[in-house]
Amino acid sequence: MPEGHTLHRLARLHQRRYAGAAVAVSSPQGRFAAAASAVDGQVLRRASAWGKHLFHHYIGGSTVHVHLGLYGSFTEWARPPDEAMPAPVGQVRMRMVGAEYGTDLRGPTVCELVDEAQVADVVAKLGPDPLRADADPSWAWTRIAKSRRPIGALLMDQTVIAGVGNVYRSELLFRHRINPFRPGQKIRDAEFDAAWTDLVALMKIGLRRGKIIVVRPEHDDGAPSYRPGRPRTYVYRRAGEPCRVCGTVIRTAELEGRNLFWCETCQT
DNA sequence: CCTCTATGGCGAA
DNA sequence: TCGCCCTAGAGGC
């Protein structure tokens, strides 16, 4: 699901599957048809991600820029031995076919052909990405430390930190006992440093496992949550359920147009 | 089967 | 602030 870890995982997968060889690119739905023909048959050089943005860099300079939005997704399929391709299901905006695998993109907010300058424009609007080795957290700290906006809003702002979405926002603030409505300028330096370090570690777990897992073993008591299996979150979508740490009923409110979750006892 | 909700972000009003 | 994009899983009946 599309927070930053998902896009980095896709970049890694697409590079492994398709880089170094010609890729057949098409648009069964048609909305990406003209652009698809420009890269159809070109060799993919590499795939990369910055925050929630995914880039397919083709040799020659053409790049496909994808943003999944709320419900965009890639579905991978193995190529059948008889050369027949599976019929597209639903609105397939872009289909990529390599030697052994194909993948279908459905429901993205953005799927467009861009040049190197446009890639730079997209990236220039994004804050540091915790999953990138070159991330500079001091840029984010400068923005947060001088802002009166609530930290719960700043974390959702992709120009402050790129890749954090609605789950990591609530969960990170819970783990660091920070109330989401506290203004950025009331966050202490040491709190930010600890939260950033933790965020990098959490998103690396998300990248490796393909899902957001933030609950420490000592808090994993098997209590009912909205998802089956072991608990993975402390507060996200747990409104009305007891806090895993103190038992207080988890609260919810809308912040930046998205549902926020927190424990008013643990987070100050 | 139907209805609801969603991990996002853009552009129109 | 709202509609859109138009997918996909969960839950109700």
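Below, read A as the first sequence line, B as the second, and so on, with proteins coming before strands; counting in each chain starts at 1.
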Please collect all ring pair (Phe, Tyr, Trp, His ring centres under 6.0 Å) contacts where either partner lies in residues 241-268 of chain A, sequence neighbours excluded, each pair once. Phe181(A)-Trp262(A), Tyr236(A)-Phe261(A)
Under the ring pair (Phe, Tyr, Trp, His ring centres under 6.0 Å) rule, what pairs show up with a residue in residues 12-40 of chain A, not counting sequence neighbours? His14(A)-His56(A), His14(A)-Phe74(A)
Taking the hydrophobic residues Ile, Leu, Val, Met, Phe, Trp and Tyr, and joining any pair whose side-chain heavy atoms are under 4.5 Å apart, which ones share a cluster with Val97(A)? Trp77(A), Met85(A)
Given the [atom1] atoms of [N] and [M], what is the spacing between them in whole Å?
N	M	atom1	answer
dT1(C)	dT7(B)	C1'	22 Å
dC10(B)	dA8(C)	C1'	22 Å
dC6(C)	dC1(B)	P	23 Å

What about Thr109(A), does its side chain sit under 3.5 Å from the base of dG8(B) through a donor-acceptor pair? yes
Note: contacts of residues 25-39 of chain A with DNA chain C (heavy atom, under 4.0 Å) are Gln29(A), Arg31(A)
Return the value, rounded to whole Å, for the distance between atom [atom1] of [X] and atom [atom2] of [N].
X	N	atom1	atom2	value
Gln91(A)	dC4(C)	CD	P	17 Å
Phe261(A)	dT5(B)	CZ	P	12 Å
Glu112(A)	dC5(C)	CD	P	17 Å
Arg238(A)	dA6(B)	CZ	P	16 Å
Leu155(A)	dG8(B)	CG	P	12 Å
Glu3(A)	dG8(B)	CD	C1'	10 Å
Asn259(A)	dT7(B)	CG	P	6 Å
Asn166(A)	dT7(B)	CG	P	4 Å

Can a side-chain donor-acceptor contact be found between Thr233(A) and Arg238(A) if the only test is distance below 3.5 angstrom? no
Do any of residues 66-80 of chain A sit with a heavy atom less than 4.0 Å from DNA chain B, and if so which? His67(A), Gly69(A), Leu70(A), Tyr71(A)
OP1, OP2 of dG9(B) versus side-chain N and O of Lys52(A): anything below 4.0 Å? yes
side-chain N/O Arg93(A) vs dC5(C) OP1/OP2, d < 4.0 Å: no
Taking all non-hydrogen atoms of both residues into account, name the closest pair between Val39(A) and Tyr58(A) and its distance. CG1-CD1, 3.9 Å
With DNA chain C as reference, determine whether Val89(A) or Pro108(A) sits nearer its 5' end, using the nearest nucleotide of each. Pro108(A)
Using a heavy-atom cut-off of under 4.0 Å over every strand shown, decide if Arg169(A) touches base, sugar-phosphate, or nothing. nothing
Quick one: list whatever passes ring-ring contact (aromatic ring centres under 6.0 Å, His included) with Trp196(A), sequence neighbours left out. none
Which nucleotide, dT7(B), dT5(B), dC6(C), lies nearest any side-chain atom of Arg258(A)? dT7(B)
Salt bridge (Lys or Arg N to Asp or Glu O under 4.0 Å) involving Arg45(A) - partner list, sequence neighbours excluded: none
Salt bridge (Lys or Arg N to Asp or Glu O under 4.0 Å) partners of Arg95(A), counting only residues at least two apart: Asp104(A)
Side-chain atoms of residues 207-215 of chain A: list all donor-acceptor pairs with protein atoms under 3.5 Å, sequence neighbours left out, distances to 0.1 Å.
none

Heavy atoms, side chains only, cut-off 4.5 Å: are Gln267(A) and Ile178(A) in contact? no
